[in-house]
Structures are given as C-alpha cells and as structure tokens.
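Remarks on the structure that follows.
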Amino acid sequence: MNDKIHSEEVDRLFQGILTLRNTEECYQFFEDVCTVNEILSLSQRFEVAAMLREKRTYLDIADKTGASTATISRVNRSLNYGRDGYDMVLGRLSEQEKK
C-alpha cells in the first residue's frame, strides 16, 4: 500500500465507490467528483493497460487511444512493477465477459 495516499479520507472515498451499484450510478458519482478530462484520462489509461496486456505495440495503442508514449510507458511501468491493480480488474472483467 502506498503510504503517500493512505488516509481516512481516501478510505472513505473508496468505501463510497464500493457502494455504487451500476454503470449509471458510476456516471452520476464520477461526473460530480471528477472533471470530464479526469474521467477521460482514467478511461484512456485503463484502455492502454488492456491493450498492453494484449501485447499491442505502442504505435498501435497511441493510434487507437490517442495516448502519448509517455502515458503508455507510465501504464506499462505500472503493469510491470505496480501493485497488479490493472491485472486484477482486467482479469475480473475478462471472467465476467466469458459468462
């Protein structure tokens, strides 16, 4: 766990997120909490992570997502040296899609 972000306030935020019941509630909450650009940046990084897991090239990812090579490198670093959060969530989504 990253001690720089761990706090009661962040715990409360994450607990609040865990109460969301569906995609529409996520839109409602995140549109209030984040700017449009922040939401789009998060979704872009998530898409980059999925494409990196599929072994797509940086050029292909940049063309498809509009992400900079710096963003792609940052996401790739998280996939290789991070806390495995992307892998956990993308794996769960993959399992859901199989059902």
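Just so it is clear, the values below take in all heavy atoms, side chains as well, and ignore hydrogens, waters and symmetry mates. Keep in mind the model is a prediction, meaning the values are calculated, not measured. The first residue of the sequence shown is numbered 1, and numbering continues consecutively from there.
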Please determine whether salt bridge (charged side-chain N to carboxylate O under 4.0 Å, His left out) holds for the pair Lys98 and Glu95, giving the CA-CA distance in whole Å, both sets of side-chain angles, and the decisive distance to 0.1 Å.
CA-CA 5 Å; Lys98 289 178 184 176; Glu95 288 298 317; 3.6 Å; yes
Passes side chain to side chain contact (heavy atoms under 4.5 Å, CB included), His6 versus Asp11? Steps please.
CA-CA 7 Å; His6 191 264; Asp11 284 352; 3.7 Å; yes
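The main-chain N or O of Thr69 is found under 3.5 Å from a side-chain atom of Ser73 such that the two form a donor-acceptor pair.
Atom CE in Met51 sits 6.0 Å away from atom CD in Glu47 (nearest 0.5 Å). Here the CG-CE distance, from Leu93 to Met88, works out to 10.5 Å after rounding to the nearest 0.5 Å. Going from atom CG of Asp60 over to atom NZ of Lys55 covers 14.5 Å, rounded to the nearest 0.5 Å. The structure places CD1 of Ile72 at 8.5 Å from CG of Leu59, a figure rounded to the nearest 0.5 Å. A distance of 12.0 Å separates CG in Leu52 from CZ in Arg77, rounded to the nearest 0.5 Å. In this structure, CZ on Arg45 lies 4.5 Å from CZ on Arg74, to the nearest 0.5 angstrom.
A single hydrophobic cluster is seen to contain both Val33 and Ile17, as judged by linkage of ILVMFWY side chains at heavy-atom distances under 4.5 Å, directly or through other members. If you chain together hydrophobic residues whose side chains sit under 4.5 Å apart, Tyr58 and Val75 fall into the same group. The cluster map of Ile, Leu, Val, Met, Phe, Trp and Tyr, joined by side-chain heavy atoms under 4.5 Å apart, puts Ile61 and Leu90 in the same cluster. Both Phe14 and Phe30 sit in one connected hydrophobic cluster of ILVMFWY residues. Membership requires side-chain heavy atoms under 4.5 Å apart, directly or through other members.
Nearest heavy-atom pair, Glu25 versus Thr19, reported as atom, atom and distance to 0.1 Å: OE1-O, 4.1 Å. For the residue pair Leu20 and Cys26, the shortest heavy atom distance occurs at CD1-SG, 3.9 Å. In terms of heavy-atom proximity, Leu79 sits nearest to Ala49 at CD1-O, 3.9 Å. Between Thr65 and Gln44, the closest heavy-atom pair is O-NE2, 3.1 Å.
In this structure, Glu54 places its CD atom where more than 12 heavy-atom neighbours from other residues, nucleotides or ligands lie under 6.0 Å away. Counting non-hydrogen atoms of neighbouring residues, nucleotides and ligands closer than 6.0 angstrom, the OH atom of Tyr27 reaches no more than 12 such neighbours. The neighbour count for Arg56 CZ, taken as heavy atoms of other residues, nucleotides or ligands under 6.0 Å away, is above 12.
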